[in-house]
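Data block below; observations after.
Residue numbers begin at 1 in each chain, while the letters A, B, ... track the order of the sequences. The basis for the numbers below is simple: all heavy atoms, side chains too, and nothing from hydrogens, waters or symmetry mates.
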Protein chains: 2
Amino acid sequence: MKKEINCPLNFTMSLIGTKWKPLVLFHLLEGGLRSGILQKKIPGISNKMFTQTVRELEKDGLIKRTIFPVVPPKVEYKLSSKGESLEAILRNLDQWGLDNSKN
Amino acid sequence: MKKEINCPLNFTMSLIGTKWKPLVLFHLLEGGLRSGILQKKIPGISNKMFTQTVRELEKDGLIKRTIFPVVPPKVEYKLSSKGESLEAILRNLDQWGLDNSKN
DNA sequence: CAGAATCCGAAGCGATACTG
DNA sequence: CAGTATCGCTTCGGATTCTG
């Protein structure tokens, strides 16, 4: 059973519409980050969800994963050009939240 | 257990980050619609999810629900000003999907 | 350090039947 | 016509444990 896409908007949401994906992408806007550093920037995310999230983002071509063959292991994540094209959307979502989360 | 908000972006996603919410909002951009009409514009949505979705959008102040005391029953949904402020985001999400869903 | 594996409860969602 | 109630499957997500 595949995801049903009713309109382009739905396609976009199928790629970034989860709890953590927008957050991961957002923190990569300023440049690539080592795995541990990226994860620390996202308070509350579990190890499992972090791995799962970056795996799916990579599969969908939004981020690139680079493995450095060193000890201890080092992995870096960065936005792909496709991921970078989401910048305006991500910043808009963040700005809207800023403007509307006044308690 | 409440939703955890790590950054403004997350707040926005907590309001519109589901399968159907963006679609409902998107179809209301052109103006208010009667319940049945709105639902028909969203192929695949079940009756339950339609009701649940508009209820939450109303609770969060993104849409307004107007009941006309007539027979048969008539209910109309329209964007609130807060909902209208999402227009740019919704159109961007749709446009990005259009640009990136080329098979 | 990066992340895979497992267990389990919570939430999302659809199908169906029913009400005023 | 608009909406509610219920059942049950699927997916999401957290805690914990384990590996190279």
Please confirm whether the shortest side-chain N or O distance from A:Thr51 to OP1 or OP2 of C:dG3 is below 4.0 Å. no
Rounded to whole angstrom units, what separation is found between the CD atom of A:Gln52 and the P atom of C:dA4? 11 Å
Indicate yes or no: at least one non-hydrogen side-chain atom of A:Ile16 is less than 4.5 angstrom from one of B:Leu93. yes
Can you sort out which residues in residues 22-39 of chain B have a heavy atom within less than 4.0 Å of DNA chain C? Ascending by number, please. none
For the helix from C:dC1-D:dG20 to C:dG20-D:dC1, what angle separates the axis at the start from the axis at the finish, each from five pairs, in steps of 10°? 40°
Whole-Å distance, A:Met49 CE to C:dA2 C1', equals 17 Å
Check the distance between C:dC13's P and B:Ile42's CD1 and give it to me in whole angstrom. 13 Å
Let me know the distance between CZ of B:Phe50 and P of D:dG3, rounded to the nearest Å. 7 Å
Qualifying salt bridge (charged side-chain N to carboxylate O under 4.0 Å, His left out) pairs, either residue in residues 27-50 of chain A, two or more places apart: A:Glu30-A:Arg91
Given a cutoff of under 4.5 Å between side-chain heavy atoms of I, L, V, M, F, W and Y, with clusters grown through shared members, what are the other residues clustered with A:Leu98? none
Can you sort out the partners of B:Asn92 under side-chain contact (heavy atoms from CB on, under 4.5 Å), two or more places apart, ordered by chain and number? A:Ile89, A:Asn92
Closest listed nucleotide, where the reference is the side chain of A:Asn47 and the choices are C:dG3, D:dG14, D:dA5: C:dG3
Counting only side-chain N and O atoms of A:Lys19, is one of them less than 4.0 Å from OP1 or OP2 of C:dA11? no
Go through the structure and list residues passing side chain to side chain donor-acceptor pair (under 3.5 Å) with B:Ser85, not counting sequence neighbours. A:Trp96
Stepwise side-chain contact (heavy atoms from CB on, under 4.5 Å) test for B:Thr12 and A:Asp94: CA-CA 7 Å; B:Thr12 307; A:Asp94 189 64; over 6 Å; no
Rounded to the nearest 0.5 Å, what separates atom CE in B:Met13 from atom CZ in A:Phe26? 13.0 Å
Length of the line joining A:Arg55:CZ and C:dA2:P, which is rounded to integer Å: 12 Å
So, using side chain to side chain donor-acceptor pair (under 3.5 Å) as the criterion, who are the partners of B:Asn47 when residues are at least two apart? none
Please list, one pair per line, the donor and acceptor atoms closer than 3.5 Å that link side chains of residues 52-60 of chain B to other protein atoms, with sequence neighbours excluded.
from: B:Thr53; atom 1: OG1; to: B:Met49; atom 2: O; distance (Å): 2.6
from: B:Glu56; atom 1: OE1; to: B:Lys21; atom 2: NZ; distance (Å): 3.1

Name every residue in residues 63-77 of chain A that has at least one heavy atom under 4.0 Å from any atom of DNA chain D, in order of residue number, or write none if there are no such residues. A:Pro73
Most 5' of A:Glu56 and B:Lys48 on DNA chain D, judged by nearest nucleotide: B:Lys48
Identify all side-chain donor-acceptor contacts of residues 68-80 of chain B below 3.5 Å with residues at least two apart in sequence or on another chain.
from: B:Tyr77; atom 1: OH; to: B:Arg65; atom 2: NE; distance (Å): 3.4
from: B:Ser80; atom 1: OG; to: B:Gly61; atom 2: O; distance (Å): 2.6
from: B:Ser80; atom 1: OG; to: B:Leu62; atom 2: O; distance (Å): 3.1
from: B:Ser80; atom 1: OG; to: B:Lys82; atom 2: N; distance (Å): 3.3
from: B:Ser80; atom 1: OG; to: B:Gly83; atom 2: N; distance (Å): 3.1

d(B:Leu38 CG, B:Leu28 CG) to nearest 0.5 Å is 5.0 Å
